[in-house]
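This report concerns only the one structure given below.
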Amino acid sequence: MTTFLRKRIISSAVPLVFVVLGVFCLARLTGNPVDLYLPLSATPGQRAEFSAAHGFDDSIPVQLWHYLTQAAQLDFGTSLRTGQSATTMVLDAFPVTLQLAGMTMLLAILGALLVGSLAAHRPNSLIDRIAGLLSMTAASIPDFWFAIMGVLVFGVGLDLLPTSGTLGGPEIWVLPIATLLIRPFGVLVQVVRGSMVGALSAPYVKVARSKGAGAGRVVFGHALRNSVTPVLTVAGDLTVGLVNGAVIVETIFGWPGIGKLMIDSILQRDFAALQAAVLITAVTIFALNILVDVCQALIDPRVRQAVPA
Amino acid sequence: MKSSVRSIPRPGTSRGHAVLTFLTSGIMLLTSACAVANSDTAGDTGSADGSTLRVVLTQEPPTLEPCESSTTATGVVVRSNITEPLVERDPTSGNLEPLLATGWRQTTPRTWTFDIRSGVTFQNGQPFTAKDAAFSIDRAVNSDLACNVDGYVFGDEKLDVRAVSPTRLTVTTKEPDPIIPLRISFIEIVPRTTDTKAKVRIPIGTGPYAVRRWQTGVSISLDRNDTYWGKAPAYPRATYVWRSDASVRAAMINKGEADIATSLDPMDATGDNSVAYPNNETTALRLDGREAPLDDIRVRRAIGMAIDRKGIIDALLGGLAKPAAQLVPPGVVGHNDDLVPPSYDVAAARELVRQAAADGVPVTRRITLVARNGQFAGIAETAEALQYEMARIGLNVRIRMADTATSLQYQLRPLPRGVGPIAMLVMHGNQAGDAAFTTSQYLLSEGPQSTFGTRELDRRVAAAGELSGKARQKAFAELLDYQNRTVAQYAYLAHMRGLLGLSPSVRYRPNSATGDEMRLAEVSPVKAGRH
Amino acid sequence: MTDPTPRPDAETYADADADAGTGTGTENCPPSARPPRWWRLLGRDRGAAVAAVVLALVFLVALFGRLFIGDRAIRQDLGASLRPPSLDHGFYGLLGTDVLGRSVLARLVEAAGTTLYVAVPAVLCSLVIGSALGMWAGYHGGWRENVAMRVADVILSFPSLLIAVVVLYVFAPSALNIVLILAIARVPVYLRTARAESAELRSRLFVDAARTFGTPSRNIIHRHILPIALPTLLTVATLDFCFVMLTESSLSFLGIGIQPPDVSWGLMVAQGRQYLQTAWWIAVLPGIAIVLTTVSATVLAAWVRLATDPGQRWRLTLPKKRRGARAAVPPEMIA
């Protein structure tokens, strides 16, 4: 297991280096931020002064060298926009998104296991058809549309939930999570149903049935446990995709998370904050991938053996 | 890779364990998440009782540094709430009013003297004197902080500022400058103990409110300053939050989650949740007169005639704006009351383009219409309407919606090369209240936001800038008319009006400066009986 | 609901669709000599048939719709702004007008073309590139596999919306750029799926045999691996339409999707969101178009997966009652 883990970590660390370089280059492609930070009427002298003060007049390799040497000491520079350290901004924003994504995936997985099992229990039944149609529809609704409808219907129309924001009790989580949830939930229901249908016809389930186990026990006790592996794989990839959703959800609901920080940093050409934000996301995705692999290796001995040497 | 994947593994204890761990960790995450949500509650809510004024902005202020308060996002919170200037400009009349200075006069052609108000203290208890005023001006204009206000109103101008006594301040310039008091009105006064090496995030000032807490990303809370020298504001507390989506801001007003919301969209506005006000913004198409076919004045005029201003205003801008014939809105020094927009006449416009084509102007060369995403409500639709109207008179136009940074590359000198003819949808904010700021930017042949001009126009702009009083007004008004007749760099669209979300429970009259400076002290609760 | 008796149909015929590609080689083949015609198979499955009709309709409208609507999709009339759907304004007023007074019906038709013009090439590009790389990597294993998988990791570690935002703001948001971005963002999905399939197949007897006879590896991949991996890859591809259309819509929400005067369903939803309270039809109708198309694609994908799999096609010929167990989505499908 340790060998497996070590190999996996080393081989995944290489992409991280590329991510660090890639985000630096992408950021520099977007041009010099001077115009954004000085008033329209600033003089050429003031522009040159600003460029020099923030190192934008250095050549790109020099800037890259500064960035890398600082990053090696875990210093990601100072945000142009707020004057704060980029590390502080990212560490403030990251837990918000992590919680949002964690809650979403937890609910999506639990919900999908429940609904998917019900559907698979009686394939082609009414429940199965309704679950299939609803989950497919859910997966194809644009998230920003869902979010704004949620605000208008549940926030204003029915007056059940707060419209937005992070100030308040548990009810403030409902709309953001629901918006993030719809797509992973829709996809996972289908995956659970697919693998459950397979598992329900497997020999060991037949054995369990022939021994007189009840339907609930067969579904939840035997088949479900075996469907966890594919669900885990897909859930891992869906979690990665949640970063995209987080950009939209955090923008609409005013959550100070990493998605909002990234989009603001791009629009404001705030390179330091952008680089730090993308790096922490990449590290998280990297850790998540390893976690999924380890879980699978724990669950399924074949995966452990199948790791490429 | 050898094992057959057909066989389905039997349930094993390790898997059960893993699932259990997974669930447990998930539930822990869930509870910790709720904990965070609740810790927020302790901070700033409980505000519906009417003692807290709740404002929702379009974005979080990047900083509250007073010398950045000429930027909208910072200024709307800081100016006249936390810090105050020596002189303030009445947004309605355009007159300068005393604030931390009680009077001012031009003592020599290059020197202005300000009388400083006594008996004022900063929020930290320090008394305010002319020394603080001199320090603040020096810090904003003559330091290495690269303050926004420096570039905004002073350019390369360096000021010699002296506190001659605790109540008297002199400001000396190299060249005579008749509008020094107006320029000084942009500088917010901070105590002399403020950092001069770095910008501060949370300032101390003399204003009616002081910052209690800035919960990054979430909210800014202000407390009433009980030692304020002027009239005490009605609300003991104020809270700012921010939502970038206009529908959400409107929803917060409708639901009573906020009392004031900046910049609503016309389609979300009802009589109950908002109030319209002239925001001194003017929209126009800036036509790059250096590139064919826009280098032909007939084509530029034709574009002005092809724009259905009334249709655009009614359908896309919520009927709020007024058709424009100049960059300077009414109420600003230099506005010419006699100018009227060209009448909407597609046939005549088409004829002008046809004539130009007959003279060899390549009217089918593709023009790029550049507009900035989210600059005003309905800008994407407005750009589409303009594109359609220009195409209708025989021009070939494509739209390029850009973000702020990209659009600034098109807007500012040095202008991009090799991009063909550009029609830039600009929105000019004339909050400074004087046409000098407009003309030096938009009309000079080498102006930072101008594509071309003429010597004669440059001469007139320079001459008008040195005048004052009625002569100044007349000179600017005439040169605006002259620009329209001989240069026609702009096809004007409208003098815009803003929409401020306002809950029925508060009373506030927005003015043209509200977007940049929202004075919370002017907001009061509506009496319960009249509700 | 709680029926303890075992269900013979599910037991006998159901199969773990999750690893369908892996089982085909050894599956006990159906007795019929010739496979039945595909349209007869389709006719027996009502859901799939409806989905096929909807999709066919969408494609027809996308291909030929523009011939009928003329310039109605871009013809503006500010006086006719925001007319609700009604019968009073002729055929093109049936679904109302948008804020610029353009016919929503005509725009839906026009947008169908643009939407598919973006989605189809994007999906095809990522399918071809990702599958080719993945099969090559999986077949050869070793460093090739490692490199390919790390490339996939790099792409996946960048939030795709972020790359899109950067690239589209810097290099004008043209349809071609949008296609490229969406294609690159989806390559890892196919790469991983194809690699998994081909890594599993390379140790199979028939592949070993081909190798022993000296068949070049390119031919082995083409003749032996591709046909088995294809159904899974095609299913993922069909389902990807959904992702591509939604991402394109999200890009429009951020202002960098399809640029007017072109129009796509995603752009219509994004622009119409401001009018949800006052003019629901602008945002809701294109939203329904997206949902209908993607749901149809999903249903049809499940059916095609069965129909193109020689080991499973026979299920479709069974009487309806007994086909219950086919599962819709392979776990490789990733959002």
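First the proteins, then the strands, lettered A, B, ... as listed; each starts at 1. On a predicted model such as this, the values are computed, not experimentally measured, just so you know.
- Residue contact with chain B, scored on non-hydrogen atoms closer than 4.5 Å, involves the side chain of A/Ile148 exclusively.
- Nearest heavy atom pair, residue B/Arg286 against residue B/Gln449, reads NH1-O, 2.9 Å.
- Among A/Val156, A/Val96, A/Leu36, the residue with the largest count of heavy-atom pairs under 4.5 Å with chain B is A/Leu36.
- Looking at every heavy atom in both residues, A/Glu171 comes nearest to A/Pro162 through CG-CD, 3.4 Å.
- Heavy atoms of other residues, nucleotides or ligands lying less than 6.0 angstrom from CZ of A/Phe154 number 12 at most.
- At a 4.5 Å heavy-atom cutoff, B/Thr71 makes no contact with chain A through either its backbone or its side chain.
- The choice from A/Leu161, A/Leu38, A/Asp270, A/Leu100 that makes the most heavy-atom pairs within less than 4.5 Å of chain B is A/Leu161.
- The shortest non-hydrogen separation linking B/Thr63 to A/Thr82 is CB-O, 4.5 Å.
- Here B/Thr216 is the residue among B/Asn254, B/Val241, B/Thr216 with the most heavy-atom pairs under 4.5 Å with chain A.
- Between A/Phe56 and A/His54, the ring planes are parallel. Angles under 30° get that label, and only those over 60° would be called perpendicular.
- Here the closest non-hydrogen pair linking B/Ala140 and B/Cys147 is O-CB, 3.5 Å.
- For A/Arg269, the part lying near chain B is the side chain, with the backbone staying farther off; criterion is any non-hydrogen pair under 4.5 Å.
- Contact annotation for A/Phe144: neither backbone nor side-chain heavy atoms come within less than 4.5 Å of a heavy atom of chain B.
- In terms of heavy-atom pairs under 4.5 Å with chain A, the best-connected choice from B/Asp150, B/Val56, B/Asp403, B/Asp245 is B/Asp403.
- Between chain A and the residues B/Gln411, B/Glu257, B/Arg413, the most heavy-atom pairs under 4.5 angstrom are made by B/Glu257.
- Contact record, A/Trp255 with A/Pro176: NE1-CG, 3.6 Å, taken as the closest heavy-atom pair.
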